[in-house]
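Written out below as structure tokens is the structure these notes cover.
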Amino acid sequence: METLRAVVTGASSGIGAATVRRLREQGWDVVAVARREEKLRALSEETGASYVVADLTDDAAVAALSAEVLAGGPVHSLVANAGAAFGTDTVAEASVDGWRDMFDVNVLGVLRVVKAFLPALIESGRGDIVVMSSTAGHQAYEGGGGYVAAKHGTHSIAATLRLELAGEPVRVIEIAPGMVATDEFTLKRVGGSQDKADKVYEGVENPLTAEDVADAVVYSLTRPHHFNVDLMVIRPIAQAAQHKVARHQGL
């Protein structure tokens with residue numbers, strides 16, 4: 001049986017790193033992609049995954065990434081996980097630069113890697129594209145305008161691509177997590193304030209973890225190839241909706 005090979009972006013931490021670990025446990029060959037070589041090297045030493053350092057907001061870097069990866073063999077799955085949120089400003093007070101940066105990584109970054117690897121995924125005869133969106137891509141909330149808009153763009157890529165690839169041997173899978181507690185995502189969003197980051201999860205019993213989301217990715221990828229998970233929305237039980245979160249004192 002052919003060994004399956006996946007490319008995972010945003011793999012230096014959080015959901016991306018957890019996905020690399022889970023896929024390697026399943027016996028996949030994995031190419032981990034991110035900007036931070038030190039973290040990728042440590043992940044490679046831990047899991048046996050290979051890695052490529054690349055900035056997905058740079059066209060030339062993505063072209064070089066695909067050339068290097070495809071020179072090493074076929075690719076069966078692309079997990080387009082790289083993404084980021086910057087700020088919690090209202091629309092009236094929004095930073096145009098912050099919105100531009102979010103669009104570049106969450107929308108154009110996904111577009112770049114999909115375009116780069118799609119021919120190889122079709123050629124593989126059993127390709128997969130996993131797009132990591134968010135519940136923010138399906139429901140707006142105050143203070144989330146730029147991220148909400150960007151993740152709606154991410155969702156639109158997945159939905160449109162699925163229609164355009166009808167008849168091709170490529171599944172398009174969208175995973176939309178709600179509240180996930182990782183080491184870096186919220187910390188970066190609030191400008192590096194640990195106190196502000198902690199308040200996001202204050203009183204919330206068992207927010208999702210990076211490993212929970214990685215399990216969803218691996219579940220979707222390991223179904224028989226005729227079985228497509230169009231959209232999987234996952235939240236902690238404490239989060240009934242984007243704006244409805246149960247919080248308890250003392251947690």
Side-chain angles (χ1 to χ4, degrees), residues 8-10 14-16 19 55-59 62 78-118 128-166 170-182 184-191 200 207-208 210 212-214 216-217 220 228-236 239-245:
V8 180
T9 69
I15 294 168
T19 299
D55 180 353
L56 303 189
T57 67
D58 183 312
D59 291 352
V62 173
L78 168 65
V79 181
N81 166 74
F86 306 116
T88 56
D89 297 336
T90 64
V91 172
E93 298 174 341
S95 161
V96 172
D97 287 342
W99 280 50
R100 183 182 295 112
D101 289 344
M102 283 187 278
F103 271 74
D104 207 2
V105 64
N106 293 293
V107 182
L108 299 182
V110 172
L111 176 63
R112 290 182 183 101
V113 294
V114 166
K115 284 173 61 66
F117 287 103
L118 183 54
D128 297 308
I129 297 169
V130 178
V131 175
M132 189 62 65
S133 69
S134 167
T135 53
H138 299 266
Q139 185 175 15
Y141 60 94
E142 299 97 330
Y147 186 61
V148 166
K151 283 302 187 183
H152 271 73
T154 308
H155 162 67
S156 294
I157 290 174
T160 305
L161 192 58
R162 192 177 300 113
L163 296 172
E164 293 173 347
L165 291 178
V170 179
R171 300 183 294 189
V172 180
I173 298 161
E174 179 185 351
I175 308 294
M179 184 174 277
V180 185
T182 61
E184 296 186 357
F185 179 84
T186 301
L187 190 64
K188 288 181 178 178
R189 183 172 196 175
V190 298
V200 172
L208 295 180
D212 291 329
V213 183
V217 173
S220 301
N228 192 80
V229 178
D230 280 16
L231 168 64
M232 186 187 294
V233 178
I234 54 176
R235 308 180 197 264
Q239 186 184 31
Q242 200 74 358
H243 60 286
K244 180 70 172 179
V245 180

State which residues pass salt bridge (charged side-chain N to carboxylate O under 4.0 Å, His left out) with R235; sequence neighbours excluded, sorted by chain then number.
none

Can you name the residues that form a salt bridge (charged side-chain N to carboxylate O under 4.0 Å, His left out) with D58, not counting sequence neighbours?
none

Measuring from [X]:[atom1] to [Y]:[atom2], what's the distance to the nearest 0.5 Å?
X	Y	atom1	atom2	value
T135	H155	OG1	NE2	12.5 Å
E174	S133	CD	OG	3.5 Å
L231	I175	CG	CD1	8.0 Å
D101	T57	CG	OG1	8.5 Å

Taking the side chain as C-beta and beyond, is there a heavy-atom pair between [X] and [Y] under 4.5 Å?
X	Y	value
L56	V105	no
H243	Q139	yes
R171	S220	no
D212	V180	no

Which heavy atom in [X] sits nearest to a heavy atom in [Y], and how many Å separate them?
X	Y	result
A158	V172	O-CG1, 3.5 Å
D89	S95	OD2-N, 4.2 Å
L208	I234	CD1-O, 3.6 Å
T9	A82	OG1-N, 3.0 Å
P177	V213	CG-CG1, 3.9 Å
L161	V114	CD2-CG1, 3.7 Å

Qualifying ring pair (Phe, Tyr, Trp, His ring centres under 6.0 Å) pairs, either residue in residues 81-109, two or more places apart:
none

Under the rule for side chain to side chain donor-acceptor pair (under 3.5 Å), what residues qualify as partners of T154, not counting sequence neighbours?
none

When you measure from the side chain of S134 to the backbone of A176, do you find a donor-acceptor pair of N or O atoms at a distance under 3.5 Å?
no

Under 3.5 Å: donor-acceptor pair, side chain of N81, backbone of G10
yes

Run the side-chain contact (heavy atoms from CB on, under 4.5 Å) test against L108 and tell me which residues pass, sequence neighbours left out.
D104, L111, R112

Write out all pairs satisfying side chain to side chain donor-acceptor pair (under 3.5 Å) with one or both partners inside residues 143-153, taking only residues at least two apart or from two chains.
N106-K151

Could you give me the CA-CA distance, side-chain angles and deciding distance for T19 and M132, then say whether side chain to side chain contact (heavy atoms under 4.5 Å, CB included) is met?
CA-CA 11 Å; T19 299; M132 189 62 65; 5.5 Å; no

